[in-house]
Participant: 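Mind looking over this structure? Questions follow.
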Amino acid sequence: MSYSSDDDDKPLIFKRNSRPDTVKSSSSSQPSRPSPKPINEEVDSEDDKPLSSRISIVSKGDTNHAAKKGPSTSVSPLPKPQVKDEDSDDEKPLSSKYTFKSKVGSSTNDKPLVSKVHQNGSASKDKNQLKNIGVNKRPPDDERPTSSVKKPKLSDSVTPVNHKPVAMKAETKSDDDDDDVPISQRIKKQAPSSSNKSSSVKQKVMKKSSSPLNKTNKKSKKMMKQKQSQYSKPSKIPPGSGEGQKWTSLVHNGVIFPPEYKPHGVKMLYKGKPVDLTPEQEEVATMFAVMLDTDYMTKPQFKENFWGDWQKILGKKHTIQDLENCDFKPIYEWHQSEKEKKKQMTTEEKKAIKEEKMKIEEKYMWAIVDGVKEKVGNFRVEPPGLFRGRGEHPKMGKLKKRIRPSDITINIGKDAPIPECPIPGERWKEIRHDNTVTWLAYWIDPINSKEFKYVFLAASSSLKGQSDKEKYEKARKLKGYIEGIRKAYTKDFGNSDDTKRQVAVATYLIDKLALRAGNEKDDDEADTVGCCTLKVENVEPMPPNILKFDFLGKDSIRYQNEVEVELPVFKAIQQFRTGKQGNDDLFDKLDTSKLNAHLKELMPGLTAKVFRTYNASITLDDMLTRETKGGDVTQNLVVYQHANKEVAIICNHQRTVSKSHSAQMTRLNEKIDELKGVIKELETDLSRAKKGKPPSKSSDGKPKRNLNPEALQKKIAQTNAKIEKMERDKETKEDLKTVALGTSKINYLDPRITVAWCKRHEVPIEKLFNKSLLAKFAWSMDVDPSFRF
DNA sequence: CTTAATACTTAGCACATTGATC
DNA sequence: GATCAATGTGCTAAGTATTAAG
């Protein structure tokens, strides 16, 4: 390994690489990507600092993008809590709703008029709602104190039922006066007042101790057993709601099924001859044919599994006796031409089809949760197909059978009408009324009968937003414990108790490298690992104190990294490896349950994944603070992207290099060269102009304008600037070709950090959050500009 | 304890749409 | 206005985590 230490004082340490650009096509070999750049790290961790500072990043100086774009349309003085009024809101561009231009202090929001509130997060035209469904549509601003809840499952003494967008929003309002106080403080000072209205949101954050919500009369199962342990608050219980109650009323229309199979009649060949297939056989053959141009075709496992399932449908006696002699091309080509046809359709035709589809699907898109219209996430039942497992999945290619209504369990409010089964003559498997869960429906995963496929609300829903917020609040809470936790595990690196030592080292790795917990996996899943499931061969100690990691993590994405660690950790890893084979567990005394049980002793609700959230968010907050220099919007966006990228690297969020990447780079280079040629020419002309000569002939022989030296100078400068910008863009592009920035933005970065930063630096939030993100993070829009993670 | 069942979050990629560029 | 890259969205696989059951 080369640890080149071109970075002066630091010993070079972190080096990340990974899959080759060929990822997609590679078959047997493990994917790996080159990493953008090495990261150096300081050995001794400084407790409180974010990962980014504990790990020093070799950043290439920030490029300041010269091009200035005019500040965009920022307008409204302050974002306000959004209460949507479908009718009026719809038309407005989101930008007019958000976009902060406000200065830090100005924070008095006007109150949202919560009068109509219909729907939460969505940008849609929802003229037709589930209107006809009789539901207890509560007026939005109805506060719904506990008592109003129809089924008081909880005694009145219990925390008031939390509430929804409406309440939530209304609430926000109420702490307006607090606006300049950081949320965390507001939370603290919030007295659990009796006023039901304000109880909701903050409730969740309340100390566990204060709200010993014991499951009371939950009718069922899980609840009974719930141990009201010493650290009470089971994370499941949403703040203001009853014992794990997630909703009080729930109305929706069930799910929609893909169309029945329509045979195309195109015959495939077997040993060169056309074969007749029944529609069912043809359907499965078509699933395979359609994948002819994917690299699943290079995987024997895929073909084997496909053949196994297809043969069951063909029958043992069928003409077709093997896959080798099958020629699916005719079907493949038919499919390609269908695709082409579709592409050729005029915009109007496409539009018409789309609208038609919308009309049919409209009613499935929405649910009414506690009186608020919310978007449903995946209301379309997954169509049949061949299982596309990632990595070397043992089940790839298996037939994912068609799901029928009789496979579906619906969960809905007791008082809601049962959705009509969309397929005439068929019926749902089961109807439940479980308000302790958020799913609207589920079916058994046809590939793995031990698992389920759930239908949930969309990310823009209050239910999801609420839990998202809780996730970040928990991560922020870790801030207050992290120092102690680090001290504690550091102390245990040398603990004589094997288990304790392993817990300490594992926690260290999770904290420092943002590794995933690493649950156990079955043999019928791809062989990937996380922290607790690391194998001896995945971590190679390289004296004096470097650990070389190389393993396949989630989604079979390769994690490669070389890290300098504290000596005791290094020694401990060496010791964990002794006497074991490469394939043995590195942490043989450990699994995620034990690890999490330990973590919970350190902080209520703490689990391994919280470290990832914490480290990602604190890194963003820290880098934004350190690197924002008060430039223009463009420059600030570069700062943000830089921070975002760092987080993505820490979390190992990768993407495959686009097929056209190298071609694009080549083109960029050509353009740069071209511009350089222009410069040369301009320089020639400049010197000639200075001598009073006319410009040289341009290459194409056309005469050029006779410019004066000043004009030429200016042109040269402009062109140079252009070249510089292109060089920077090129670099950025190359740099980010394997880095996926989106994943962290969606899942790990507390949106309040971004929103507050935007407010502080007058960056329109729309530059960073697209429509979906704005909807998903609606709950964070009114954060105080001074918010820090 | 260990394993199974359950529910929910996180993930990359394919495809669609939008936007920039010539 | 066509072309092609960038961006957005849908899809569904693959994780984490808790609780119940054995």
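Throughout, protein chains are lettered first and strands after them, A, B, ... in sequence-line order, and every chain is numbered starting at 1.
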Participant: Looking only at side-chain N and O atoms, does A:Arg516 come under 4.0 Å of OP1 or OP2 in B:dA11?
Facilitator: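 Answer yes for this pair, as a side-chain N or O of A:Arg516 is under 4.0 Å from OP1 or OP2.
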
Participant: Whole angstrom is fine here: how far is it from CG in A:Asn411 over to C1' in B:dC8?
Facilitator: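 Rounded to whole Å, this separation is 14 Å.
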
Participant: With a 4.0 Å cutoff (strictly under), does any side-chain N or O of A:Ser772 reach OP1 or OP2 of C:dG8?
Facilitator: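 No, because none of the side-chain N or O atoms of A:Ser772 sits under 4.0 Å from OP1 or OP2 of C:dG8.
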
Participant: Check whether any side-chain N or O of A:Thr592 sits under 4.0 Å from OP1 or OP2 of C:dA17, and answer yes or no.
Facilitator: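 Answer is no, no contact under 4.0 Å.
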
Participant: It should be established whether A:Lys594 places a side-chain nitrogen or oxygen under 4.0 Å from OP1 or OP2 of nucleotide B:dC1.
Facilitator: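 Answer is no, no contact under 4.0 Å.
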
Participant: Output every pair passing salt bridge (charged side-chain N to carboxylate O under 4.0 Å, His left out) with a member in residues 517-526 of chain A, not counting sequence neighbours, ordered by first then second residue.
Facilitator: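 Sorted pair list: A:Lys395-A:Asp524, A:Lys450-A:Asp522.
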
Participant: Would you kindly give the NZ-to-C1' distance between A:Lys400 and C:dA14, to the nearest whole Å?
Facilitator: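 Nearest whole value for this atom pair: 13 Å.
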
Participant: Quick one: side-chain hydrogen bond (donor to acceptor under 3.5 Å, both in side chains) partners of A:Lys471, sequence neighbours excluded?
Facilitator: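 So A:Lys471 forms a side-chain hydrogen bond (donor to acceptor under 3.5 Å, both in side chains) with A:Asp468.
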
Participant: Using a 3.5 Å distance criterion without hydrogens, assess whether the side chain of A:Asp511 forms a donor-acceptor pair with backbone atoms of A:Phe611.
Facilitator: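 A pair under 3.5 Å: no.
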
Participant: What is the distance, rounded to the nearest whole Å, between atom CG of A:Asp468 and atom C1' of B:dC8?
Facilitator: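 Value for this atom pair: 12 Å.
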
Participant: Which residues pass the ring pair (Phe, Tyr, Trp, His ring centres under 6.0 Å) test with A:Phe777, not counting sequence neighbours?
Facilitator: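 A:Phe777 satisfies ring pair (Phe, Tyr, Trp, His ring centres under 6.0 Å) with A:Phe769 once adjacent residues are dropped.
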
Participant: Report the residues that fulfil ring pair (Phe, Tyr, Trp, His ring centres under 6.0 Å) with A:Tyr332, sequence neighbours left out, ordered by chain and then residue number.
Facilitator: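 By the ring pair (Phe, Tyr, Trp, His ring centres under 6.0 Å) rule, A:Tyr332 matches no residue at all.
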
Participant: Determine: side-chain N/O of A:His653 to OP1/OP2 of B:dA11, distance under 4.0 Å, yes or no.
Facilitator: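 A:His653 to B:dA11 OP1/OP2: side-chain N or O found under 4.0 Å.
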
Participant: Provide, to the nearest angstrom, the distance between the NZ atom belonging to A:Lys733 and the C1' atom belonging to B:dA20.
Facilitator: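 Spelled out: NZ on A:Lys733 to C1' on B:dA20 is 12 Å.
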
Participant: Toward the 5' end of DNA chain B, which comes first, A:Lys776 or A:Tyr442, by nearest nucleotide?
Facilitator: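 Nearest nucleotide further toward 5': that of A:Tyr442.
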
Participant: Taking side-chain hydrogen bond (donor to acceptor under 3.5 Å, both in side chains) as the test, write out the residues that go with A:Ser744, two or more places apart.
Facilitator: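 Scan of A:Ser744 (side-chain hydrogen bond (donor to acceptor under 3.5 Å, both in side chains), adjacent residues dropped) gives A:Asn644.
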
Participant: Counting only side-chain nitrogens and oxygens, does A:Lys464 get under 4.0 Å of the OP1 or OP2 atom of B:dT9?
Facilitator: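 Yes.
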
Participant: May I ask you to evaluate whether A:Ser556 reaches the phosphate of C:dA14, defined as a side-chain N or O under 4.0 Å from OP1 or OP2?
Facilitator: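 No, A:Ser556 has no side-chain N/O under 4.0 Å of OP1/OP2 on C:dA14.
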
Participant: Write down the protein N/O and nucleotide N/O pairs, taken from nucleotides 15-19 of chain B, whose separation is under 3.5 Å; answer none if there are no such pairs.
Facilitator:
{"from": "B:dT17", "atom 1": "OP1", "to": "A:Lys354", "atom 2": "NZ", "distance (Å)": "2.9"}

Participant: Can you name the side-chain hydrogen bond (donor to acceptor under 3.5 Å, both in side chains) partners of A:Asp497, sequence neighbours left out?
Facilitator: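 A:Asp497 satisfies side-chain hydrogen bond (donor to acceptor under 3.5 Å, both in side chains) with no other residue.
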
Participant: Not counting sequence neighbours, which residues clear ring pair (Phe, Tyr, Trp, His ring centres under 6.0 Å) with A:Phe379? List them please.
Facilitator: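 Expected list: none.
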
Participant: Check this for me: does the side-chain of A:Lys471 come within 3.5 Å of the base of B:dT9 through a donor and an acceptor?
Facilitator: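 In this structure, the two groups form no donor-acceptor pair.
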
Participant: Can you tell me if the side-chain N/O atoms of A:Arg612 get under 4.0 Å from OP1 or OP2 in B:dA11?
Facilitator: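 Yes, A:Arg612 has a side-chain N/O under 4.0 Å of OP1/OP2 on B:dA11.
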
Participant: In whole angstroms, how far is the C1' atom of B:dT9 from the CG atom of A:Asn378?
Facilitator: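 That distance rounds to 13 Å.
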
Participant: For A:Lys609 and B:dT10, is the shortest distance between a side-chain N/O and OP1 or OP2 below 4.0 Å?
Facilitator: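 Answer yes for this pair, as a side-chain N or O of A:Lys609 is under 4.0 Å from OP1 or OP2.
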
Participant: With A:Lys464 as the cation and A:Phe456 as the aromatic partner, state whether NZ or CZ is under 6.0 Å from the six-membered ring centre and within 45° of the axis.
Facilitator: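 Yes; both conditions hold, so A:Lys464 lies above the ring face of A:Phe456.
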
Participant: Under 4.0 Å from any atom of DNA chain B, heavy atoms only: list the residues of residues 519-531 of chain A that qualify, in numerical order.
Facilitator: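 Hits under 4.0 Å, by residue number: none.
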
Participant: OP1, OP2 of B:dC13 versus side-chain N and O of A:Thr656: anything below 4.0 Å?
Facilitator: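 Looking at the OP1 and OP2 atoms of B:dC13, one of them is under 4.0 Å from a side-chain N or O of A:Thr656.
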
Participant: May I have the distance from A:Phe769 (atom CZ) to C:dT7 (atom P), rounded to whole angstrom?
Facilitator: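 After rounding, the gap between these two atoms is 16 Å.
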
Participant: So which nucleotide from C:dT18, C:dA13, C:dT12 ends up closest to the side chain of A:Ser593?
Facilitator: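 The answer is C:dT18, which lies nearest to the side chain.
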
Participant: If only side-chain N and O atoms of A:Gln654 are considered, is one of them under 4.0 Å from the OP1 or OP2 phosphate oxygen of B:dA11?
Facilitator: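 For B:dA11, neither OP1 nor OP2 has a side-chain N or O of A:Gln654 closer than 4.0 Å.
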
Participant: Only counting residues at least two apart or in another chain, list the ones meeting ring pair (Phe, Tyr, Trp, His ring centres under 6.0 Å) with A:Tyr296.
Facilitator: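 Checked A:Tyr296 against ring pair (Phe, Tyr, Trp, His ring centres under 6.0 Å); matches are A:Phe302.
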
Participant: Please work out which residues in residues 449-459 of chain A have a non-hydrogen atom less than 4.0 Å from an atom of DNA chain B and list them by number.
Facilitator: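 Heavy-atom cutoff 4.0 Å gives A:Lys450, A:Phe452, A:Tyr454, A:Phe456.
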
Participant: May I ask you to evaluate whether A:Lys554 reaches the phosphate of B:dT9, defined as a side-chain N or O under 4.0 Å from OP1 or OP2?
Facilitator: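 Answer no for this pair, as no side-chain N or O of A:Lys554 is under 4.0 Å from OP1 or OP2.
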
Participant: Quick one: is C:dC4 close enough that its OP1 or OP2 comes under 4.0 Å of any side-chain N or O from A:Ser660?
Facilitator: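 For C:dC4, neither OP1 nor OP2 has a side-chain N or O of A:Ser660 closer than 4.0 Å.
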
Participant: Can you identify which nucleotide, out of C:dT9, B:dC8, C:dA17, has its nearest atom closest to the A:Val437 side chain?
Facilitator: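 For A:Val437, the side-chain atoms sit closest to B:dC8.
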
Participant: When all nucleic acid strands are considered with a 4.0 Å heavy-atom cut-off, which category describes A:Gly742: base, sugar-phosphate, or nothing?
Facilitator: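 Contact class for A:Gly742: none.
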
Participant: With nearest nucleotide decided by heavy atoms, which residue, A:Trp439 or A:Lys671, maps closer to the 5′ end of DNA chain B?
Facilitator: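 On the 5' side of the pair lies A:Trp439.
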
Participant: Go through the steps to decide whether A:Gln641 and A:Thr732 satisfy the test side chain to side chain contact (heavy atoms under 4.5 Å, CB included), and finish with yes or no.
Facilitator: CA-CA 10 Å; A:Gln641 192 189 41; A:Thr732 306; 3.9 Å; yes

Participant: Counting heavy atoms from C-beta on, name the nucleotide in B:dA11, C:dA17, C:dA6 closest to the side chain of A:Gln664.
Facilitator: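 Of all the options, the side chain of A:Gln664 is nearest to C:dA6.
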
Participant: Under the side-chain hydrogen bond (donor to acceptor under 3.5 Å, both in side chains) test, which residues partner A:Glu451, sequence neighbours left out?
Facilitator: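 None.
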
Participant: Taking atom types as modelled and ignoring hydrogens, do the side chains of A:Gln336 and A:Glu340 form a donor-acceptor contact shorter than 3.5 angstrom?
Facilitator: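 The criterion, which ignores hydrogens and geometry beyond distance, is not satisfied for A:Glu340 and A:Gln336.
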
Participant: Test your reading of the model: is there a side-chain donor-acceptor pair from A:Thr409 to the backbone of A:Arg432, 3.5 Å cut-off?
Facilitator: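 Here the side-chain-to-backbone pair does not exist.
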
Participant: Report the distance from atom CG of A:Leu668 to atom P of C:dC4, rounded to the nearest whole Å.
Facilitator: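 So the two atoms are 15 Å apart, to the nearest Å.
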
Participant: Taking atom P of B:dA5 as reference, at what distance in whole Å does atom CZ of A:Arg432 sit?
Facilitator: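 To the nearest whole Å, that distance equals 14 Å.
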
Participant: If you assign A:Glu382 and A:Asn596 each to the DNA chain C nucleotide with the nearest heavy atom, which residue ends up on the more 5' nucleotide?
Facilitator: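 So the residue in question is A:Glu382.
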
Participant: Would you tell me if any nitrogen or oxygen in the side chain of A:Tyr748 comes within less than 4.0 Å of OP1 or OP2 on B:dT9?
Facilitator: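 It does not, given that no N or O in the side chain of A:Tyr748 lies less than 4.0 Å from OP1 or OP2 of B:dT9.
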
